[in-house]
Number of protein chains: 4
Amino acid sequence: MNLLSKTKKKSLKPVNYRQKIMDAAIRVFARKGYNDTTMIDVARAAKVGIGTLYNYFKNKDELLISSADKTIETELGKIRKICEKQADPMDRMETYFIQHAMLLKENPHIARFLVSQLRQSEGFFERNPEFNPLRHYVNFVKELFETAKESGRIKDVDTKALAIMVIGSMDMLICQ
Amino acid sequence: MNLLSKTKKKSLKPVNYRQKIMDAAIRVFARKGYNDTTMIDVARAAKVGIGTLYNYFKNKDELLISSADKTIETELGKIRKICEKQADPMDRMETYFIQHAMLLKENPHIARFLVSQLRQSEGFFERNPEFNPLRHYVNFVKELFETAKESGRIKDVDTKALAIMVIGSMDMLICQ
Amino acid sequence: MNLLSKTKKKSLKPVNYRQKIMDAAIRVFARKGYNDTTMIDVARAAKVGIGTLYNYFKNKDELLISSADKTIETELGKIRKICEKQADPMDRMETYFIQHAMLLKENPHIARFLVSQLRQSEGFFERNPEFNPLRHYVNFVKELFETAKESGRIKDVDTKALAIMVIGSMDMLICQ
Amino acid sequence: MNLLSKTKKKSLKPVNYRQKIMDAAIRVFARKGYNDTTMIDVARAAKVGIGTLYNYFKNKDELLISSADKTIETELGKIRKICEKQADPMDRMETYFIQHAMLLKENPHIARFLVSQLRQSEGFFERNPEFNPLRHYVNFVKELFETAKESGRIKDVDTKALAIMVIGSMDMLICQ
DNA sequence: TATGAATGAGGATTCATTCAT
DNA sequence: AATGAATGAATCCTCATTCAT
């Protein structure tokens, strides 16, 4: 009986509050932006008490940073894994574009969150100058271009600028 | 004597408060973003009293909207005028790119203001759904492309999407 | 008519908000202590809006400090003036005791405020280590004793310690 | 074996949580004051869980009251016992002063706790009107004086007021 | 008409207390 | 019985907006 009850309880959802909160935060931040998102908004979206937010994140800034980092890591990880299956640099680039587009289409709120957090209030960036969640993403795209360039398949260009422009293009398309 | 002094003052400077305020607002909004800009910030930058802001603009939202519209109108007007001097569609496009780049370089705060206000919180857009200062700008670029397309000089593409992508690329480049 | 209306308005109470707020603050702090006094309490007692408090005092700490300083200055000033009328040191000391007792009796809330703020939370003192409103008061009593000592009327004692003890005695009597 | 180990543990240390918590509480309250002391502070100082505090004390107020009462009882008990060894009232008084001074010097945190908790916010006293940990202490000193008075060794005075003043003097000296 | 002091709704954060384990 | 994560009421403070001068 002991064993049973334990099993029961475990199957009864050992809530991962940290993840639950970040998931909610991403959704709300994506929809309303940093400034218009209140901690109460996040708490309600995550269905937890306000105080609980502060058990897992020191303050609102840290909640945004953690959520952004986690999201980038997760989503970029998925795309990277799929791209790596392609041996040919050009195929890899193509796969990336497709995956990126799919991400934008299927998880618009995540996409919006990723690309739009850049334009946060300067207040936030003054407090957190090191924060740039897109850095890893830009780097990934840049690497894609570099591999393609080395293979002689695309012309000599500033791959970083190109990466930024590509992401920027997609970003703007989403917003409009 | 009374009359004279009055005349003198008027001829000395018929202050255009509305314009003065918008000029200041653009600078401050561009630097700090919508949410981190207080009405006091704007009043101080414009060297007017807070109350004066409300004599010319209903509220903070309207101040942003008016400032953005006015800026787009002014800057776009300048660029348009220069572009129209070019008869050939391709020259016109080239001229546009150069002018746009110059605007970004010489008035970074205006550029930043124009391209970054788009990403306002949904809160702002929910309150002002009709607000899209870039609309005119996008349309202008779109027209450029269409003229070029009609002349057979560029391939058949979704000109609007292209316009958005071009602007988005530039935007992202500025931010990074 | 102009003159009249001006006179009228002036007589119509040109409210001194700063003073009004400090008066209220002293009363409330004296009754409830620093920690249990909320800014809303003070605002209500002063019959002003909460925001008004912050137009005159940077924060709650500064409100307490200003109120305490002002009170000491005012009350000590009164007592000092009366004492100075006495030429003889012993008469002066006696006058002081009487005045102090009168202060305690007639304005118990001020008295309580003066003598009890010393025991504030250490949190407050850690933030404001230089704050010691009783310093001036202790010094005044100390000087009284010194004058008396010089005149040979009282024995050789540590006048500062004596001053502190006297004030402490009265303080404790009030509290009980 | 079970029995043995149990016995061992018990004899090793039958933890008295209640006492352990009060000891910690006194230290922390004395150092930080009632309001700046959090239940977590106390729990950490006592090396117990937060929940444990609530198994032994209904709430924070009761924890303070119990700690104060217990301390007074203990310390006063010690001093009383030593004083009682003196047959002569004057010697007894002298012994008391020495003991009190020693307590202040050797356990400043206890001393501070005893004498400073009196000045709690009225909020606390409104909730706990019966709370006056110094009552017993004042009574003890008062009795000392009365015995001395009866023996004709000191003049006729209000012994209670005298007791209060003496304690107040010492209190103020500690604070400064 | 320009002004800025007064205002209070709203938001981030803390912490005593509860309760499931 | 001990524990500590979850909770939300309560508090300080900001800032858009109003209005009397």
Side-chain angles (χ1 to χ4, degrees), chain A residues 5-6 9-10 12 14-15 17-18 20-21 35-44 46-63, chain B residues 15 17 21 35-44 46-63, chain C residues 5-6 9-10 12 14-15 17-18 20-21 35-44 46-63, chain D residues 15 17 21 35-44 46-63:
Chain A
S5 81
K6 265 186 190 173
K9 259 167 201 166
K10 247 192 187 142
L12 207 57
V15 195
Y17 279 91
R18 201 181 152 84
K20 200 176 165 190
I21 291 169
N35 275 290
D36 282 2
T37 299
T38 71
M39 292 305 262
I40 293 180
D41 288 339
V42 177
R44 274 209 269 265
K47 291 181 186 170
V48 300
I50 306 165
T52 308
L53 301 184
Y54 289 89
N55 289 339
Y56 292 92
F57 304 92
K58 210 175 60 206
N59 53 34
K60 196 182 166 187
D61 278 14
E62 216 204 74
L63 174 57
Chain B
V15 194
Y17 280 92
I21 291 169
N35 275 287
D36 285 359
T37 299
T38 71
M39 291 304 261
I40 292 180
D41 287 339
V42 176
R44 272 209 270 265
K47 292 181 185 170
V48 301
I50 306 165
T52 309
L53 301 183
Y54 287 87
N55 290 336
Y56 292 92
F57 303 92
K58 209 176 63 201
N59 54 33
K60 194 182 169 187
D61 279 12
E62 213 204 76
L63 175 56
Chain C
S5 81
K6 266 186 190 171
K9 259 166 202 165
K10 250 193 184 138
L12 208 55
V15 196
Y17 279 91
R18 200 181 153 84
K20 200 175 163 191
I21 291 169
N35 275 290
D36 283 2
T37 298
T38 72
M39 291 305 261
I40 294 180
D41 287 339
V42 177
R44 274 209 269 265
K47 291 183 185 170
V48 301
I50 306 164
T52 307
L53 301 183
Y54 290 90
N55 289 340
Y56 293 92
F57 304 92
K58 212 174 60 208
N59 52 35
K60 196 182 166 188
D61 279 14
E62 216 204 74
L63 175 56
Chain D
V15 194
Y17 280 93
I21 291 168
N35 275 287
D36 285 359
T37 299
T38 71
M39 292 304 262
I40 292 179
D41 286 341
V42 177
R44 273 209 270 266
K47 292 182 184 168
V48 300
I50 306 166
T52 308
L53 301 184
Y54 288 88
N55 290 337
Y56 292 92
F57 303 93
K58 206 177 65 202
N59 55 31
K60 195 181 168 188
D61 279 12
E62 213 205 76
L63 174 57

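Below, chain A is the first sequence line, B the second, and so on; all start at residue 1. No experiment lies behind these values; they were computed from the predicted model shown.
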| task | Calculate the interatomic distance between B/I21 atom CD1 and E/dT1 atom C1'; express it in whole Å. | result | 12 Å
| remark: Using Watson-Crick geometry (N1-N3 plus N6-O4 or O6-N4) or G-U wobble (N1-O2, O6-N3), each under 3.5 Å, F/dA2 is paired with E/dT21
| field | Main-chain N/O of C/K20 paired to C/K47 side chain as donor or acceptor, under 3.5 Å | value | no
| Can you tell if the side chain of B/Y17 reaches within under 4.5 Å of the side chain of B/V48, non-hydrogen atoms only? | yes
| query | In whole Å, what is the span from the CD1 atom of A/I40 to the C1' atom of F/dG8? | reply | 9 Å
| message | So, does C/N55 get its side chain near the phosphate of E/dA5, meaning an N or O under 4.0 Å from OP1 or OP2? | response | no
| said: Under 4.0 Å, heavy atoms only, any strand: does D/Y56 hit a base, just the sugar-phosphate, or nothing? | reply: sugar-phosphate
| query | 5'-most contact on DNA chain E: D/N59 or C/G49, nearest heavy atom basis? | reply | C/G49
| message | Contact between C/D36 and D/N35 at the side-chain level, heavy atoms closer than 4.5 Å - yes or no? | response | yes
| message | Without decimals, in angstroms, what is the distance between C/Y17 OH and E/dA6 P? | response | 5 Å
| query | What integer distance in Å separates D/I50:CD1 from E/dT14:P? | reply | 15 Å
| For the pair made of CG in C/L63 and P in F/dT11, what is the distance, rounded to whole Å? | 16 Å
| Closest nucleotide of DNA chain E for A/G51 versus for A/T38: which of these residues is on the 5' side? | A/T38
| remark: Taking for A/L53 and for B/K58 the nucleotide of DNA chain F with the nearest heavy atom, the one nearer the 5' end belongs to A/L53
| message | Can you measure B/D36 atom CG to E/dG11 atom P for me and round it to whole angstrom units? | response | 15 Å
| request: Between C/M39 and B/T37, name the one whose nearest nucleotide on DNA chain F is closer to the 5' end. | output: C/M39
| request: Take B/D61 and B/F57 through the side chain to side chain contact (heavy atoms under 4.5 Å, CB included) test and state the conclusion after the steps. | output: CA-CA 9 Å; B/D61 279 12; B/F57 303 92; over 6 Å; no
| task | Find the distance C/Y54:OH to E/dG4:C1' and express it as a whole number of Å. | result | 20 Å
| D/R44 atom CZ: more than 12 heavy-atom contacts under 6.0 Å | no
| field | For atom CZ of D/R44 and atom P of F/dG4, their distance in whole Å | value | 11 Å
